[in-house]
Structure formats: C-alpha cells, structure tokens
Amino acid sequence: MRLTRLYGDETLTLEIDQDANGWKIALPDGSIHHLSDVESAQNTLSFQVSSPELEGVRSLSIPFHRVANDLHIAYQGETYTFQTPTPNAKTKKGSIASGVLTAPMAGVLVDVLVKPGDVVEAYQVVAVIEAMKIMSRLEAGFAGVVRAVHFQKGQQITHGASVVEIEPTGSEPGGTS
Amino acid sequence: MKRLLIANRGEIAVRIIRACREQGIVPIAVFSEADRHSLHVQLADYAYPIGAASPNLSYLNIPNLMRAAEAMNADAIHPGYGFLSERAEFAEACENAGITFVGPPSPVIRRLGDKIAAKQMMAKAGIPVVPGYNGEDQSNTVLMRHAQEIGFPLLIKASAGGGGRGMRIVTASEEFLEKVDEARREATSAFGDDRLLLERYIPRARHIEVQILADTSGNIVHLFERECSIQRRHQKIIEESPSTALNPVLRHRITQAAVETARASHYVNAGTVEFLLQEGDSNDSEFYFLEVNTRLQVEHPVTELVTGKDLVALQFWVAQGKPLPFTQDEVQQFGHSLQLRIYAEDPAHGFLPSIGTLTSYKEPTRPGVRVDSGVRQGDAISPYYDPMLAKLIVHAENRAEAIAKMEQALREYTILGVTTNIPYLLAILKNDVFQAGRLSTTFLQEQFANWRHEPKLPNEVLLALALEAVASKPTSKASTSPNASPISAWSAINGWRNT
C-alpha cells in the first residue's frame with residue numbers, strides 16, 4: 001500500500017507491502033528494503049533490515065512519539081517530525097487578520113497590558129509570556145480595539161492559545177513580529 | 001553533619017543527594033507544587049513541600065526553607081546553584097538557626113556577591129580588573145556619564161547576580177538607557193536587587209574560571225581552570241578543562257591570581273573565580289578578574305573528572321571545619337573533560353523553551369561518560385524553571401578524543417516529547433573553529449548566527465516512518481493515508497509481534 005507523509009514542505013511517498021518474512025518497503029529514492037522481526041513496544045520500533053545481496057542483518061531500535069497528527073522519530077541525536085496529510089488542514093494565517101493573538105509558546109502569562117475596550121497601536125505589546133525565564137512579548141499586529149482578553153495574569157497557557165482579540169481600526173493589517 | 005537539606009531542585013539536587021549517600025549523610029529534599037513527583041523528591045530519604053510552583057513562593061522563599069529545615073530536623077543545608085545559593089541572607093538565616101550552611105560564611109557571600117565591592121577589593125589586592133563603573137550612585141545620569149567614559153561597546157550587569165541574568169551589551173549610547181531599564185527589571189525579578197554595574201566589553205574574550213577550595217584554617221588550593229567561552233546570550237553551553245588558551249606559564253599566573261582572590265576575600269568552601277582572557281601573542285595574553293561565584297558551579301563536573309576530586313564531598317568536608325585533605329601539589333589535571341548542557345528548547349525557532357512530557361528518555365552509558373540529570377522518562381517539563389534537562393560530561397585522554405566521545409554520547413541520547421538543543425550541540429562539536437580550540441565568548445554569534453537546522457532524512461528513519469503506520473497500535477486502522485487499503489495490520493501478519 002502507499003503511504004503519504006509530510007516532512008516540512010516536502011511530501012514523501014512510501015510503499016509498504018507484506019512479504020514472506022515481514023515487510024517490503026520502497027523509499028522515495030526507489031530503494032527497496034526487507035524488514036523482519038518487527039516489534040512495537042514502549043514507543044520504540046524495533047526491526048531488522050536485510051537485503052538480498054548481503055548476508056547478515058541490520059538490527060535497529062528507533063524511538064517514536066505520536067501527538068495527534070505529528071509523528072516524532074528520534075534517530076542519532078536528531079528528531080524528525082512528520083505529518084499525515086489531512087484534507088481539512090487549517091492554516092493559522094487567518095488569525096492575524098481576524099486579530100486573534102495566540103501564544104507563541106507554552107508558559108505563564110506574566111503580564112497582561114490591555115483590557116477590553118483599550119485602543120492599541122500596531123506593534124504595541126499587549127501581553128508577556130514567560131517560560132523558563134524566557135520572556136516572549138505578544139504584540140498587536142495592527143492598530144485596533146481590544147475586544148477580548150481570554151486569560152489573566154499568572155495563568156498557565158498552552159502553545160497556540162488565543163490570548164487577546166483585537167478588532168482592527170480600518171487600516172491594513174501589519175502582521176505580527 | 002548528619003541530616004542535610006537540599007534547598008534546590010533538578011539535577012543539582014540529585015547530584016547532592018548522591019554525594020550524601022556516599023558520605024553517610026541523610027539527604028532531605030524540598031519541593032514546590034510543580035515538583036511533587038520529581039526525581040530529586042523520589043531519591044531523597046525525606047521530602048518537604050515548600051510552596052507553590054513560582055520560585056518566589058518556594059525555592060526562593062527563605063522562611064519556607066528554614067521551616068522545612070526545622071521540621072525535618074536538618075543540621076545542614078546545601079543551596080546548590082542558582083536560587084538562594086548566593087544570597088547572604090540565606091546563609092545568615094542558617095547561621096542564626098545553628099544550621100551548617102554548605103558554602104562560604106554570609107559575610108564572604110555578601111562581600112563577593114556585591115560585584116561592585118568585589119571588584120574594588122580585588123583591584124586593591126593587585127588583581128587586574130576590567131575598567132568599568134561600579135559605584136553606589138545608580139541614577140540614569142551618573143550611569144550615562146560613566147558609560148560615555150568607559151566607551152561603547154560596554155556591558156551592563158546585575159551587581160547582585162550571575163548566569164547572564166540582567167546582562168546586556170550596549171553598542172551605542174542611544175540605546176543605553178533602554179538597556180539599563182531592561183537590565184534593572186530583569187535583575188529585580190531574578191535577584192530582588194536592581195543595582196547595575198558597567199564595564200568595558202572586551203570583544204572576542206575568552207571566559208576562563210578557576211575552581212578554588214578553602215578550609216576554615218586558611219588553607220587554599222585551586223583545582224585548575226575551566227573554559228566556558230561557548231555561550232549563547234551569556235549563558236554557558238559548553239565547558240571544558242583544561243583550556244586550550246592556557247600554556248603552563250599563563251595557567252600558573254591565572255590560578256595564582258584565583259588563590260590570591262580567595263585569600264583577599266577570606267574565602268571558605270568551594271568557589272569559582274571568573275576571569276576574562278584577552279588573547280595576545282605567546283605570553284602576552286591578559287586576564288581580568290570578573291567575579292567570584294560563591295557556590296558550586298553548574299560546570300563543576302569537568303573539574304571533578306580531570307582532578308578526580310568530588311567537589312560536593314569536599315564541600316561537606318570543609319563545611320564541618322575539617323582541614324583540606326590534600327595539598328596543592330597533590331592536585332593534578334588528567335586528560336580532557338567536556339560538558340554540554342542539554343536544554344528543552346528549540347534552536348530552530350529562536351531557542352523558545354519547549355514544554356511537554358518526556359515520552360522517551362534514555363541517557364547514554366559508556367566508559368568516560370557521565371550524565372547529571374534531574375529527569376526521567378514520563379516526567380513533565382514545566383514552564384516554571386530553567387530549561388536545562390541534563391548535563392552530559394565526558395572525560396578522555398585528550399580534547400579530540402573527548403569531542404569524539406561526546407558526539408557519540410549525544411547520538412545515543414534519546415529524548416522525545418520536548419524539543420532539545422542536541423542537534424545544535426552536535427553542530428558545534430563538528431565546527432572546525434571549535435575543534436581547533438579557537439574559542440571566544442562571541443564564537444556562537446560568529447559561527448552560528450545563521451545556523452539552519454536541516455538534517456538529511458536517513459533511510460532508517462523512513463523505514464521507521466513506514467512501519468509506524470502498520471505497527472503502531474492494535475486498535476488503529478492500518479493507515480490513515482487516503483490511499484491505504486483497509487488491511488487489518490494485526491492478526492494476519494507474519495514476522496512480527498507486538499509486545
């Protein structure tokens with residue numbers, strides 16, 4: 001069967017089929033690999049790779065971790081992240097125009113500098129998030145009026161949470177920094 | 001010293017607990033609400049809650065810690081590094097409660113903790129210091145006037161602290177006051193003290209520090225140098241001993257200056273004297289006293305590996321008033337040691353902290369490799385504390401072998417669930433300038449400012465990627481790919497088993 005996975009901007013196509021000893025896998029570069037003794041336990045994939053031309057096998061044990069649609073695979077000090085393509089994949093781009101400022105990282109909201117009704121200028125800092133002593137400032141992408149503040153100072157927030165909503169005052173959105 | 005309370009968390013708490021065990025001392029941990037299930041809590045004999053997750057309410061809270069010590073009947077406290085380790089009031093609270101503080105006496109911490117007074121003291125003792133302003137008048141006008149005198153670029157530092165907190169480089173006078181404001185804010189939140197000092201910024205300087213150890217009878221030894229020039233935003237990332245910058249003559253001069261510093265400040269216990277080294281031709285290199293860190297350093301293991309001495313055990317020893325168990329002549333530097341700091345942060349995205357749960361965590365084990373960590377598989381990495389997960393330390397016959405060993409150890413280190421700086425560290429190890437030992441505190445700026453993380457996809461990873469689709473979960477469909485045939489990956493398949 002054919003598998004499609006996303007690696008960054010790249011789309012990878014792999015073929016995987018059963019064979020007598022386990023699995024036959026064709027990689028994007030056209031190479032064919034025969035895998036046997038496959039075991040999946042405790043977030044680790046163990047398997048042996050053999051090739052018809054060579055005697056002996058290569059035994060591998062590769063940790064992985066799946067979070068929703070993200071698959072992380074650890075190998076030799078690097079972590080590789082893949083996604084499965086989904087038809088309804090949403091982009092986050094719309095949030096800037098609609099004025100929803102989202103947390104750039106998980107952390108603690110150490111400061112909220114605006115309240116609903118406040119008029120803000122483009123690039124004005126509206127909130128400060130801290131994680132592990134690193135401060136990240138949330139800036140208004142454009143001038144506008146604060147419509148909602150969803151968190152209070154001191155609360156823990158997750159990556160991507162909408163923190164402040166701003167309604168633009170007519171002018172073109174300037175983008176976030 | 002029978003029952004020792006460790007006023008810290010993470011890897012250093014674990015490190016101290018292990019030393020307690022070897023010395024027959026009962027280790028007592030403390031924990032904030034965020035750390036209830038942490039490794040250090042599990043490893044200690046007893047653990048006492050000291051408050052909410054925010055450091056100000058727990059690990060920085062002296063009354064809470066003193067209450068814990070009293071409740072647990074501790075006769076000694078080790079402060080670790082960071083948090084209260086360099087706060088004279090904490091040492092003083094211990095002294096007043098009749099508890100042994102494993103560190104220098106409070107007056108020594110106070111004298112040296114005040115970077116302004118410390119520099120004046122060392123200048124008087126004949127130790128070279130970097131030109132700067134360290135006066136009591138902290139008004140913007142006065143700071144600005146001195147900044148103009150020192151010239152730009154210059155450094156603003158928190159006079160109460162270390163570790164790069166509150167530190168700023170200012171390249172032009174127009175941005176000076178803005179940076180002063182920032183530094184004051186950061187210094188206040190990190191140390192509760194907004195005083196700043198200014199000093200000339202020495203470009204391409206090397207950071208060399210000397211480990212010292214002094215007993216209560218006035219005996220002082222040094223345990224050679226560490227070089228910590230590989231820093232990102234003044235935060236050390238790689239430390240090593242010996243330094244490639246020192247020849248025997250220079251090594252002798254700088255270690256002697258460190259011993260003089262200890263003598264001038266009536267130092268007791270383990271400490272670190274930091275210097276900036278400005279490299280010149282052959283023996284023309286100049287070094288300047290920066291500050292004394294009156295505590296155990298994060299990078300103390302490299303000294304332990306090249307000297308064979310256990311610094312925490314030695315801290316316990318001198319804290320009990322015993323004389324140093326060896327003389328200077330008996331301390332030697334063997335081989336080469338390197339330490340890397342493994343952080344939960346994303347080097348590809350501005351080094352933002354990475355928070356999550358360690359779903360896979362496996363430390364490398366091989367001869368000559370030491371891992372000092374405070375985490376284990378399944379632990380949640382919270383946003384409240386420093387993002388350092390572990391320190392990876394190696395020891396080998398020479399620097400090249402130490403680098404090779406380190407690279408292999410890094411490749412064997414499995415961490416999933418949070419993003420780490422391991423790929424960044426691997427890239428540094430492979431850098432020619434690093435390998436040649438031509439280090440400076442601006443190394444990362446010069447060599448890695450435009451670093452891109454672009455790993456090639458190895459076939460092994462692609463094979464695992466394919467297998468995961470069919471071998472992940474018994475309940476999952478064979479594949480979520482739209483083109484997949486709906487085979488039940490499970491029962492019918494030969495050649496693999498699920499355990």
Side-chain angles (χ1 to χ4, degrees), chain A residues 1-5 7 12 14-16 18-23 25 27-29 31 33 35-45 47 49 60 62-67 71-80 82 84-87 104-108 130-134 136 156 159, chain B residues 54 165 186 190 344-345 351-356 359-360 362 383-387 407 410-417 419-420 422-423 425-426 455 457-473 478-485 487 492-499:
Chain A
M1 69 194 193
R2 173 169 293 191
L3 286 179
T4 312
R5 293 289 183 268
Y7 178 63
L12 305 168
L14 308 109
E15 293 279 350
I16 177 162
Q18 280 178 258
D19 68 8
N21 295 314
W23 298 93
I25 295 172
L27 297 184
D29 66 356
S31 61
H33 305 261
L35 273 58
S36 64
D37 299 82
V38 176
E39 203 173 292
S40 172
Q42 292 170 349
N43 278 346
T44 301
L45 283 161
F47 53 96
V49 191
L60 290 162
I62 299 185
F64 71 99
H65 172 219
R66 184 173 265 294
V67 196
L71 173 66
H72 307 282
I73 296 177
Y75 185 69
Q76 299 254 315
E78 297 281 355
T79 300
Y80 304 86
F82 304 92
T84 308
T86 52
M105 63 180 186
V108 177
E130 183 185 11
M132 303 164 176
K133 304 184 196 165
I134 308 258
S136 179
Q156 198 171 331
H159 180 194
Chain B
S54 170
R165 301 272 165 256
E186 210 168 296
E345 64 184 16
F351 291 88
L352 284 183
S354 176
I355 291 157
T359 51
S360 279
K362 189 169 147 281
Y384 298 105
Y385 310 110
D386 192 88
E407 185 185 334
L410 266 183
R411 292 193 182 282
E412 286 170 18
Y413 209 140
T414 301
I415 303 175
L416 274 181
T419 306
T420 72
I422 288 178
L425 295 170
L426 277 169
L457 266 181
N459 279 355
E460 290 84 350
V461 170
L462 290 168
L463 293 176
L465 174 66
L467 278 183
E468 193 268 345
V470 292
S472 54
K473 277 169 261 145
S479 168
T480 47
S481 156
N483 302 327
S485 59
I487 58 163
I493 293 157
N494 297 325
W496 70 286
R497 50 194 194 279
N498 189 61
T499 52

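Numbers restart at 1 for each chain; the letters A, B, ... are given by sequence-line order, proteins then strands.
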*Take B:Leu467 and A:Phe64, measure what side chain to side chain contact (heavy atoms under 4.5 Å, CB included) needs, and give me the verdict at the end.*
CA-CA 11 Å; B:Leu467 278 183; A:Phe64 71 99; over 6 Å; no
_For chain A, the option from B:Leu425, B:Ile415, B:Leu352 that forms the most heavy-atom pairs under 4.5 Å_ = B:Leu352
*Decide yes or no on side chain to side chain contact (heavy atoms under 4.5 Å, CB included) for A:Ile73 and B:Glu468, but give the supporting numbers first.*
CA-CA 10 Å; A:Ile73 296 177; B:Glu468 193 268 345; 5.6 Å; no
*asked:* Within the structure provided, determine whether A:His65 and B:Ser360 are in side-chain contact (heavy-atom separation under 4.5 Å).
replied: no
*Can you tell if the side chain of A:Phe82 reaches within under 4.5 Å of the side chain of B:Leu457, non-hydrogen atoms only?*
yes
*Report yes if some heavy atom in the side chain of A:Leu12 is under 4.5 Å from a heavy atom in the side chain of B:Leu465; otherwise report no.*
yes
*Below 4.5 Å from any heavy atom of chain A, which atoms of B:Ser354 appear? Answer side chain, backbone, both or neither.*
backbone
_B:Leu462 side, atom CG; A:Leu3 side, atom CG - distance, nearest 0.5 Å_ = 11.0 Å
_Going by the rule salt bridge (charged side-chain N to carboxylate O under 4.0 Å, His left out), which residues pair with B:Glu412 if we only count those two or more places apart in sequence or in a different chain?_
B:Arg366
*Between A:Gly77 and B:Ile422, what is the shortest heavy-atom contact and its length?*
O-CG2, 3.3 Å
*Considering residues at least two apart in sequence or located in another chain, which fulfil the side chain to side chain donor-acceptor pair (under 3.5 Å) criterion with B:Ser54?*
none
*Most contacts with chain B, counted as non-hydrogen pairs under 4.5 angstrom, among A:Leu71, A:Asn43, A:Leu60*: A:Leu71
_Proximity breakdown for B:Thr359 and chain A, heavy-atom pairs closer than 4.5 Å_ = both
*Between A:Glu130, A:His33, A:Glu15, which residue shows the highest count of heavy-atom pairs closer than 4.5 Å to chain B?*
A:His33
*Between A:Gln76 and B:Glu460, is a side chain to side chain contact (heavy atoms under 4.5 Å, CB included) present by the stated rule, with each step listed?*
CA-CA 10 Å; A:Gln76 299 254 315; B:Glu460 290 84 350; over 6 Å; no
*chain B: which of A:Pro28, A:Ala74, A:Ser31 shares the most heavy-atom pairs with it under 4.5 Å?*
A:Ala74
*So which of B:Ile355, B:Leu463, B:Asn459 has the largest heavy-atom pair count under 4.5 angstrom toward chain A?*
B:Leu463
*Search all heavy atoms of B:Pro458 against all heavy atoms of A:Tyr75 and return the closest pair with its distance.*
CG-CD2, 3.9 Å
*Checking side chain to side chain contact (heavy atoms under 4.5 Å, CB included) against B:Val470, which of A:Ile25, A:Ile16, A:Val38 comes through?*
A:Ile16
*Count the heavy-atom pairs under 4.5 Å between each of A:Thr44, A:Leu14, A:Val67, A:Asp29 and chain B, then report the option with the highest count.*
A:Leu14
